[in-house]
Chemist: 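Before I ask anything, here is the structure I am working with.
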Number of protein chains: 2
Amino acid sequence: MPLPLSATARGPRQHDVYDTLRHAILNGDLRPGEGLSETKLAAQFGVSRTPVRDAVRRLSDDGFLRVIPQVGTFVAPIQLTAVADSQFVRETLECRTIRLAAERLDPTQADALDRHLAAQERAVAANDATAFFTADEAMHADLIRIAGRPAVWNLILDVKAQLDRVRCLSLESADWLAMIFDQHRVIIERTRARDPDGAEAAMRAHLRSVFDAIDRIAATNQEYFEDSPTDPAR
Amino acid sequence: MPLPLSATARGPRQHDVYDTLRHAILNGDLRPGEGLSETKLAAQFGVSRTPVRDAVRRLSDDGFLRVIPQVGTFVAPIQLTAVADSQFVRETLECRTIRLAAERLDPTQADALDRHLAAQERAVAANDATAFFTADEAMHADLIRIAGRPAVWNLILDVKAQLDRVRCLSLESADWLAMIFDQHRVIIERTRARDPDGAEAAMRAHLRSVFDAIDRIAATNQEYFEDSPTDPAR
DNA sequence: GCTTGTACGCTAGTATACAAGTTCGTTGAC
DNA sequence: GTCAACGAACTTGTATACTAGCGTACAAGC
């Protein structure tokens, strides 16, 4: 088990174990099916099993780990049906909120959206995918905030994690970033024009094209997937 | 602390503590603000603190408990903004799925829906609110299954818990059950007629009227609520 | 060679002991 | 009488020991 987790330096605080493991799973450092051991994790993080157990339990609730009593803990396979359901939920919620955002937008908020676009443009020019997706998330979160439902973003983040896990299996090309950026520009433009129908259509097209990319990634990484509707008898 | 939890008989299994506490909170047996103690809970359930801690952590993640380190564990107040957001999410998702259900319904599924209505009608006649809401949930779940997104129901259940928690603060009158039942009949009728627009409108009206009732309950039980947008620094 | 019984090592689940911190009552000095 | 300081009793957080069950490797018997 490679586990290039930096458990070194400063003793991990309360939720460090959770955050580190979650990040490793989302990034693909921990591959689906890979086995973990609470004891070994505790040793690696320099803590006892108790905080490790807390983290493992939460990750299990999130669907990232599968704990089999008396057997072991494993990185959960990616279920294609779960990914599709996540897409459905995200699309449904964000298409609704973008309508509200288009109806409620005020000039100050419009400027904030422009700043997000500018940050994305810089990231595209630098071909910096990490910076791009940081600005991407900030923009989506801001749109939902403008819609008046800031807490809904937390829910989106949860379901989006399933999608990001797939996305992280492949590297984004500069062309792809540019395409996404163009889609973002249309969304913002329609929102600024206070055109709910246009904004919703642009958002739906955007999310669909991201999902299509995810589908292509899945097709070329089938070893990590499990499309069986296995009841995860938690 | 009353806590009429039946910790008697058969040793509690894996998630008994969680299920029991969750049920007690949703039913209002444990009131918002009430304090709990892991030690006392462990004694009441006849187990050690470890499984109790697991349950408490999960309930904390769910937003039902608020754990303050070195101080105590308390039943979380009901946040009106969270309730409103839950309503928004539920309405958005169920209005989308009912459209899909209306488009996809087949005769076998239609019969199942009729059976749900029949069960509800019996419950209304007997003024049995528990039986009514059991059939209610089964029907909503079935509609989402018909829409082809069965897993989405799990998400709805999560957000619905916030709404049910408020609903359980008051008893339903027979009149109110009858009104809800009528709304259900319209939803099913429009779905069977393969009328997505009509079904969605009926579903939205239904969910809104339930939410209005929740708002009225909240107005008369303000002591349990907290509308401050407190950041629940998990 | 194949099957089956068995022992060992691993796992997570649980129980318990200890540590760190907060709250609140009490007691002492002023 | 007032207030401050101390301490007892409580809380959750953490560490560790033990339990029960599963998987596997290995050896004995067919």
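Because the structure is a prediction, the values reported are computed rather than measured. Sequence lines set the chain letters: A, B, ... in the order given, protein chains first and strands last, and positions in each chain run from 1.
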Chemist: Identify which nucleotide among C/dG13, D/dT11, D/dT16 has an atom closest to any side-chain atom of B/Lys40, counting heavy atoms from C-beta outward.
Modeler: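 Side chain of B/Lys40 sits closest to D/dT11.
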Chemist: Report yes if at least one side-chain N or O of A/Thr50 is closer than 4.0 Å to OP1 or OP2 of D/dT14; otherwise report no.
Modeler: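 For D/dT14, neither OP1 nor OP2 has a side-chain N or O of A/Thr50 closer than 4.0 Å.
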Chemist: Keeping B/Glu34 on the side-chain end and B/Arg31 on the backbone end, is there a donor-acceptor pair under 3.5 Å?
Modeler: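 Looks like yes, one N/O pair under 3.5 Å.
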Chemist: For the pair made of CD in B/Glu38 and C1' in D/dT11, what is the distance, rounded to whole Å?
Modeler: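 Taking CD of B/Glu38 and C1' of D/dT11, I get 9 Å after rounding.
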Chemist: Please report, rounded to the nearest Å, how far the C1' atom of C/dT22 is from the CZ atom of B/Phe74.
Modeler: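 One finds 11 Å between C1' of C/dT22 and CZ of B/Phe74, rounded.
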Chemist: Could you check how far CG of B/Asp54 sits from C1' of C/dG13, rounded to whole Å?
Modeler: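 Those two atoms, CG and C1', are 9 Å apart.
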Chemist: Hey, is B/Arg22 close enough to B/Asp19 for a salt bridge, meaning N to O under 4.0 Å?
Modeler: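 Not counted as a salt bridge, because no side-chain N and carboxylate O are separated by less than 4.0 Å.
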Chemist: Using a 4.0 Å heavy-atom cut-off, does B/Val67 contact any base of the nucleic acid, only the sugar-phosphate backbone, or nothing at all?
Modeler: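 Sugar-phosphate, no base atom in range.
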Chemist: Figure out the CG/C1' separation between B/Asp16 and C/dG13, and round it to whole Å.
Modeler: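 Taking atom C1' of C/dG13 as the reference, CG of B/Asp16 is at 14 Å.
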Chemist: Check the phosphate of C/dA12 against A/Thr73, side-chain N and O only, distance under 4.0 Å to OP1 or OP2. Yes or no?
Modeler: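 Yes, A/Thr73 has a side-chain N/O under 4.0 Å of OP1/OP2 on C/dA12.
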Chemist: Using only heavy-atom distances, decide whether a donor-acceptor pair under 3.5 angstrom links the side-chain of A/Arg49 to the base of C/dG13.
Modeler: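 Yes, the side chain and the base share a sub-3.5 Å donor-acceptor pair.
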Chemist: Choosing from D/dG23, C/dG13, C/dT11, which nucleotide comes nearest the side chain of A/Val71?
Modeler: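 Nearest to the side chain of A/Val71 among the choices is D/dG23.
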Chemist: Considering the options A/Glu94, A/Lys160, A/His116, A/Arg145, which one meets the side chain to side chain donor-acceptor pair (under 3.5 Å) requirement together with A/His140?
Modeler: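 Only match with A/His140 under side chain to side chain donor-acceptor pair (under 3.5 Å): A/Glu94.
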Chemist: Just compare D/dG13, C/dT14, D/dC22 and give me whichever is closest to any side-chain atom of A/Gln70.
Modeler: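 Looking only at side-chain atoms, A/Gln70 lies closest to D/dC22.
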Chemist: Does A/Ser37 make a side-chain N or O approach to OP1 or OP2 of C/dT11 shorter than 4.0 Å?
Modeler: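 Answer yes for this pair, as a side-chain N or O of A/Ser37 is under 4.0 Å from OP1 or OP2.
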Chemist: Taking only N and O in the side chain of A/Arg53, is any of them less than 4.0 Å away from OP1 or OP2 of C/dA12?
Modeler: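 So the side chain of A/Arg53 is outside the cut-off, no N or O lying under 4.0 Å from OP1 or OP2 of C/dA12.
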Chemist: Under a 3.5 Å distance rule, please check whether A/Glu137 uses its side chain to pair with a backbone N or O of A/Thr134 as donor and acceptor.
Modeler: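 Side chain of A/Glu137 to backbone of A/Thr134, a donor-acceptor pair under 3.5 Å: no, none is there.
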Chemist: Grab the CZ-P distance between A/Phe45 and D/dA15 for me, whole Å please.
Modeler: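 Whole-Å distance recorded here is 13 Å.
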Chemist: So, does A/Asp164 use its side chain to make a donor-acceptor pair with the main chain of A/Arg167 at under 3.5 Å?
Modeler: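 Absent.
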